Asker: 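Got a structure for you, written out below as structure tokens; questions coming shortly.
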Amino acid sequence: MRKAPSQRRSRATVDVIIEAATRVLARRGWARFTTNEIAAVAGVSVGSLYQYFPDKLAIAEAIRERHLAEVLVALSDPEEEAEDGNEAVSLDRRVERFVDGVIAAHSVDQALHRVLVDEVPLAARSSYPEFEAEYQRRYRALVASSAHAGRAGRDGDDSSSEDETAARMLSSAVEGVVHAAARRGDLGLPVLRSELVRLIAAYLRDRRHAG
């Protein structure tokens, strides 16, 4: 952003601009995403918009930041489930809950998600370190929760490193499947859900037995 809003009124203006821009981007796509239309939909002057955002790419980055926050809200957290007394939940059920969260996360405004992924020349997602760290933590928690009890006697650093690598591989594989399904319009198909559960559960079981 060009200028961070410090007062309540300016924060409200920025919120209105981002909300309007989100609707415009989802409806019009990146090629027809203009600051003039954003200002008109938001009910503010173009000059007010440029007080906070230097160009439409900066607005798109702000949209993605909010979208990523919504993704984390939708994505289940295996560690929180364990804290709630669900340690005895079967692997299949744990994976089902996680997959439901993944699908829900990527179903948050699918039109917007497709535009952000396929059209907007945004910076790498790693430029949002807090999101990326929390996102990967959810996958690490799923991997760790499915590990065989026999691993408890192994070196902790080795186990942690393996879980980290496994979590990144799993998240990359799942995102590839889900993004491709979203582009085809298949994200809501029951068969997609069941096959994704089977894919993740098979991988985790294989790691458990190998450990």
Side-chain angles (χ1 to χ4, degrees), residues 1-81 83-84 98 100-141 167-168 171-172 174-175 178-179 181-183 185 187-188:
M1 294 180 63
R2 185 183 295 245
K3 182 179 73 172
S6 57
Q7 299 180 350
R8 180 181 300 176
R9 182 176 179 181
S10 58
R11 289 195 296 270
T13 298
V14 169
D15 286 341
V16 167
I17 291 171
I18 296 176
E19 289 168 6
T22 299
R23 296 196 298 272
V24 173
L25 183 60
R27 184 176 71 249
R28 307 280 280 176
W30 176 247
R32 295 187 293 170
F33 183 63
T34 67
T35 53
N36 285 335
E37 184 172 1
I38 294 167
V41 173
V44 302
S45 68
V46 175
S48 294
L49 184 151
Y50 282 123
Q51 281 186 343
Y52 302 102
F53 300 99
D55 50 38
K56 71 176 189 177
L57 185 58
I59 300 175
E61 287 283 3
I63 291 172
R64 182 171 70 165
E65 186 174 359
R66 291 197 177 190
H67 183 67
L68 293 179
E70 293 174 344
V71 167
L72 288 181
V73 170
L75 191 61
S76 65
D77 187 342
E79 282 189 357
E80 288 185 0
E81 290 180 356
E83 290 173 0
D84 290 337
F98 194 81
D100 287 341
V102 170
I103 292 175
H106 288 82
S107 298
V108 175
D109 199 338
Q110 289 190 51
L112 173 65
H113 192 87
R114 283 195 292 271
V115 173
L116 289 174
V117 170
D118 295 335
E119 300 180 21
V120 184
L122 294 171
R125 200 176 71 182
S126 58
S127 61
Y128 297 94
E130 291 182 359
F131 167 84
E132 193 65 21
E134 177 61 19
Y135 186 76
Q136 290 299 325
R137 186 191 67 76
R138 307 286 178 96
Y139 275 92
R140 284 199 307 275
R168 291 193 177 279
S171 66
S172 296
V174 171
E175 283 191 22
V178 171
H179 286 167
R183 292 187 184 100
L187 199 53

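Please read all numbers here as calculations on a predicted model, not as lab measurements.
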Asker: What closest approach, in Å, do Ala104 and Ala74 show between heavy atoms, and which atom pair accounts for it?
Answerer: C-CB, 3.9 Å
Asker: If you compare all heavy atoms of Ala26 against all heavy atoms of Ala111, which two are closest, and at what distance to 0.1 Å?
Answerer: O-CB, 4.0 Å
Asker: What pairs meet the side-chain hydrogen bond (donor to acceptor under 3.5 Å, both in side chains) rule with one or both residues in residues 13-22, with sequence neighbours excluded?
Answerer: Asp15-Arg66
Asker: Measure the CG-CG distance between Leu25 and Leu112 for me, rounded to the nearest 0.5 Å.
Answerer: 5.5 Å
Asker: Take atom CD of Glu175 as the centre, draw a 6.0 Å sphere, and report whether it contains more than 12 heavy atoms from other residues, nucleotides or ligands.
Answerer: yes
Asker: I'd like to check Trp30 versus Leu57 (side-chain heavy atoms, cut-off strictly below 4.5 Å). Are they in contact?
Answerer: yes
Asker: What pair of heavy atoms forms the shortest contact from Phe53 to Ala62, and how long is it?
Answerer: CE2-CB, 3.9 Å
Asker: State, with a plain yes or no, whether a side-chain heavy atom of Glu61 is found less than 4.5 Å away from one of Tyr128.
Answerer: yes
Asker: Please enumerate all residues that pass side-chain contact (heavy atoms from CB on, under 4.5 Å) together with Ser45, with sequence neighbours excluded.
Answerer: Ser48
Asker: Check Ala42 against Val16 and note the closest heavy-atom contact, atom names and distance.
Answerer: O-CG1, 3.3 Å
Asker: Please identify each residue that fulfils salt bridge (Lys or Arg N to Asp or Glu O under 4.0 Å) with Arg114, with sequence neighbours left out.
Answerer: none
Asker: For the CD atom of Glu132 and the OG atom of Ser171, what is their distance to the nearest 0.5 Å?
Answerer: 7.5 Å
Asker: Enter the distance from Ile38:CD1 to Lys56:NZ here, rounded to the nearest 0.5 Å.
Answerer: 8.5 Å
Asker: For residues 24-43, which residue pairs pass the salt bridge (Lys or Arg N to Asp or Glu O under 4.0 Å) check, not counting sequence neighbours?
Answerer: Arg27-Glu37, Arg28-Glu37
Asker: Any side-chain heavy atom of Ile63 within less than 4.5 Å of one from Ile59?
Answerer: yes
Asker: Between Val120 and Phe33, is any pair of side-chain heavy atoms under 4.5 Å apart?
Answerer: no
Asker: Apply ring-ring contact (aromatic ring centres under 6.0 Å, His included) to His67 and list each qualifying residue two or more places apart in sequence or on a separate chain.
Answerer: His113
Asker: I'd like to check Val102 versus Tyr139 (side-chain heavy atoms, cut-off strictly below 4.5 Å). Are they in contact?
Answerer: yes
Asker: In Å and rounded to the nearest 0.5 Å, what is the CG to CZ distance from Leu72 to Arg137?
Answerer: 9.5 Å
Asker: Decide yes or no for Leu68 and Tyr135: does some side-chain heavy atom of the first lie under 4.5 Å from some side-chain heavy atom of the second?
Answerer: no
Asker: CG/Leu187 to NE2/His179 distance, rounded to the nearest 0.5 angstrom?
Answerer: 9.5 Å
Asker: Which residues satisfy the side-chain contact (heavy atoms from CB on, under 4.5 Å) test with Ser172, sequence neighbours excluded?
Answerer: none
Asker: What distance separates Ile18 CD1 from Leu49 CG, expressed to the nearest 0.5 Å?
Answerer: 10.0 Å
Asker: With a 4.5 Å cut-off on side-chain heavy atoms, are Arg138 and Phe98 touching?
Answerer: yes
